Asker: 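What follows is a single structure, and I will ask about it in a moment.
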Amino acid sequence: MAQIHHFDHGWITPTISYVLSVLGSMLGLTCAIRFRSAAGRGERVWWLTLASVSIGGTAIWSMHFVAMMGFSVTGTAIRYDIGLTLASAIIAVVAVGVGLAIALLGKGAQNIRIVSGGVVAGLGVAAMHYTGMAAMRLHGEVSYSMSRVGLSVGIAVVAAAVALWLAVTVRRPLVVFAAALVMGIAVNGMHFTGMTAMSVDADPSTVQLPGATAAGMIVPIGVAVVFGIIGLAYALMSAPTEEDRAASAYLAQRREEAAARIPQQAPPPTPGSLASGAWTYRDRDRSPR
């Protein structure tokens, strides 16, 4: 059996993969909070999609890809099938999206929905991992320990169920951050448990392997991940919060009340008054009742 290295670049790759998992989990949980306070169906679909991309794409799949940068097998080069690699990313996002939809949509039987969604999402995450492993091309025969594979699938299901429970329950920023730290540990634990299930019987050869190198894919994938994170953060910052909606509703109500009290021949409104349009939510305590 060939010797396998999981940390070929030291602690750089596992550290970056953990940071990506935490960041993606934080964004995803925040999107789930926005989903629960969304006003309409279209807005809920929007936040559900962003949560799926955040958790499935950033927290899980990009973590998997970065961790694979530190993977090597003695005696053989490694290449990756681009089609299967992209398929693994799609599987992760779709599986997490379906799991989130099961857990977040509907009323009643919340625990059953969380467990059901966790099973769907967890199996999808495991499918993503082993699809990504199937994308590897190397000189040798790959085999897996079924007990370790089963353990990794179990971790994926439990981790997904916990993630969905957090998506349904957490609200405060500090709790979201703590939950993201735990989710990062779970996601990385599932990945490296699955990696330890793998063994390779190397077959040295000079034949060039098909596919792309991990280093060759890091630039386009890295750019996509960075812009994806920036886009997700911008979407969260630019979207109105519950307080913003309350402020808009309060302002509209106060303007209607002020308009009803203003006579038809009233003098022009003074700056800062409700009718002038310069009134802000912070002026509510000074407004005439």
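Since the structure is predicted, the reported quantities are computational estimates derived from the model, not experimental observations.
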Asker: Going by heavy atoms in the side chains, are V225 and I229 under 4.5 Å from each other?
Answerer: yes
Asker: Can you find a pair of side-chain heavy atoms, one from R36 and one from W47, that are under 4.5 Å apart?
Answerer: no
Asker: Determine yes or no for a side-chain-to-main-chain donor-acceptor pair under 3.5 angstrom, with T196 supplying the side chain and T193 the backbone.
Answerer: yes
Asker: Which value, rounded to the nearest 0.5 Å, describes the distance between C31 atom SG and L236 atom CG?
Answerer: 4.5 Å
Asker: Quick test of your reading: applying ring-ring contact (aromatic ring centres under 6.0 Å, His included), list the pairs with at least one residue in residues 133-157, sequence neighbours left out, ordered by first then second residue.
Answerer: Y130-Y144
Asker: Does the side chain to side chain contact (heavy atoms under 4.5 Å, CB included) test come out yes or no for F35 and E43, once each step is laid out?
Answerer: CA-CA 7 Å; F35 172 93; E43 192 175 345; over 6 Å; no
Asker: Following the transitive rule for hydrophobic clusters with a side-chain heavy-atom cut-off under 4.5 Å over Ile, Leu, Val, Met, Phe, Trp and Tyr, establish whether L166 and I60 coincide in one cluster.
Answerer: yes
Asker: Could you state whether V93 and L232 fall into the same hydrophobic cluster, counting links through intermediate Ile, Leu, Val, Met, Phe, Trp or Tyr residues with side-chain heavy atoms under 4.5 angstrom apart?
Answerer: no
Asker: Under a 4.5 Å side-chain heavy-atom rule over Ile, Leu, Val, Met, Phe, Trp and Tyr, are V226 and M69 clustered together?
Answerer: no
Asker: Side-chain heavy atoms under 4.5 angstrom apart, residues restricted to Ile, Leu, Val, Met, Phe, Trp, Tyr: same cluster for F65 and L23?
Answerer: yes
Asker: Could you give the distance from CG (L104) to CG (L164), rounded to the nearest 0.5 Å?
Answerer: 7.5 Å
Asker: For I12, does the CD1 atom sit with more than 12 other heavy atoms under 6.0 Å from it, leaving out its own atoms?
Answerer: no
Asker: Could you check M63 against Y18 for side chain to side chain contact (heavy atoms under 4.5 Å, CB included), going step by step and ending with a plain yes or no?
Answerer: CA-CA 7 Å; M63 170 270 144; Y18 178 73; over 6 Å; no
Asker: How long is the gap from CE on M133 to CE on M136, to the nearest 0.5 Å?
Answerer: 3.5 Å
Asker: Determine whether V200 and E141 satisfy the following criterion, side chain to side chain contact (heavy atoms under 4.5 Å, CB included), listing intermediate values before the conclusion.
Answerer: CA-CA 6 Å; V200 178; E141 184 177 348; over 6 Å; no
Asker: Hey, quick one: are L151 and V158 part of the same hydrophobic cluster, counting side-chain heavy atoms closer than 4.5 Å, chains of contacts allowed?
Answerer: yes
Asker: Locate the shortest heavy-atom distance separating A51 from G28; write the atom from each residue and the value.
Answerer: CB-O, 3.8 Å
Asker: Does anything in residues 72-85 form a salt bridge (Lys or Arg N to Asp or Glu O under 4.0 Å)? List the pairs, not counting sequence neighbours.
Answerer: D81-R137
Asker: Give the minimum heavy-atom separation between A2 and A202, together with the two atoms involved.
Answerer: CB-CB, 3.7 Å
Asker: Identify the two heavy atoms, one from G122 and one from A160, that lie closest to each other, and give their separation to 0.1 Å.
Answerer: N-CB, 3.5 Å
Asker: Test: side-chain hydrogen bond (donor to acceptor under 3.5 Å, both in side chains). Region: residues 154-165. Which pairs qualify, not counting sequence neighbours?
Answerer: none
Asker: Looking only at heavy atoms, what is the nearest atom pair of G97 and L48, with distance?
Answerer: O-CD1, 4.3 Å
Asker: Could you note down all residue pairs passing ring-ring contact (aromatic ring centres under 6.0 Å, His included) where residues 180-218 supplies at least one of them, sequence neighbours left out?
Answerer: F7-F192, H64-H191, H129-H191
Asker: Looking at every heavy atom in both A103 and V168, which two are closest together, and how far apart are they?
Answerer: O-CG2, 3.9 Å
Asker: Any chance you could measure Q3, atom CD, to S199, atom OG, to the nearest 0.5 Å?
Answerer: 13.5 Å
Asker: What closest approach, in Å, do I4 and M198 show between heavy atoms, and which atom pair accounts for it?
Answerer: CD1-O, 3.5 Å
Asker: Is R44 reaching over with its side chain to a backbone N or O of L105, donor-acceptor style, under 3.5 angstrom?
Answerer: no
Asker: In residues 174-190, what donor-acceptor pairs under 3.5 Å come from side-chain atoms, sequence neighbours left out?
Answerer:
from : atom 1 : to   : atom 2 : distance (Å)
N188 : OD1    : S17  : OG     : 3.0
N188 : ND2    : S21  : OG     : 3.3
N188 : ND2    : G184 : O      : 2.7

Asker: Which residue pairs satisfy the side-chain hydrogen bond (donor to acceptor under 3.5 Å, both in side chains) criterion with at least one member in residues 88-106, sequence neighbours excluded?
Answerer: W61-S88
Asker: Applying side chain to side chain contact (heavy atoms under 4.5 Å, CB included), run through L100 and S52 and close with a yes or a no.
Answerer: CA-CA 7 Å; L100 283 169; S52 304; 3.9 Å; yes
Asker: Given 3.5 Å as the limit, does a donor-acceptor pair link the side chain of R148 with the main chain of A197, or not?
Answerer: no
Asker: Indicate yes or no for a side-chain donor-acceptor contact from S152 to the backbone of V149 under 3.5 Å, with no hydrogens or angles considered.
Answerer: yes
Asker: Whether the side chain of R34 engages the backbone of W46 through a donor-acceptor N/O pair (distance < 3.5 Å, no angle test) should be reported.
Answerer: no
Asker: To the nearest 0.5 Å, what is the distance between CG (L27) and CG (L50)?
Answerer: 9.5 Å
Asker: Any chance you could measure D8, atom CG, to I78, atom CD1, to the nearest 0.5 Å?
Answerer: 9.0 Å
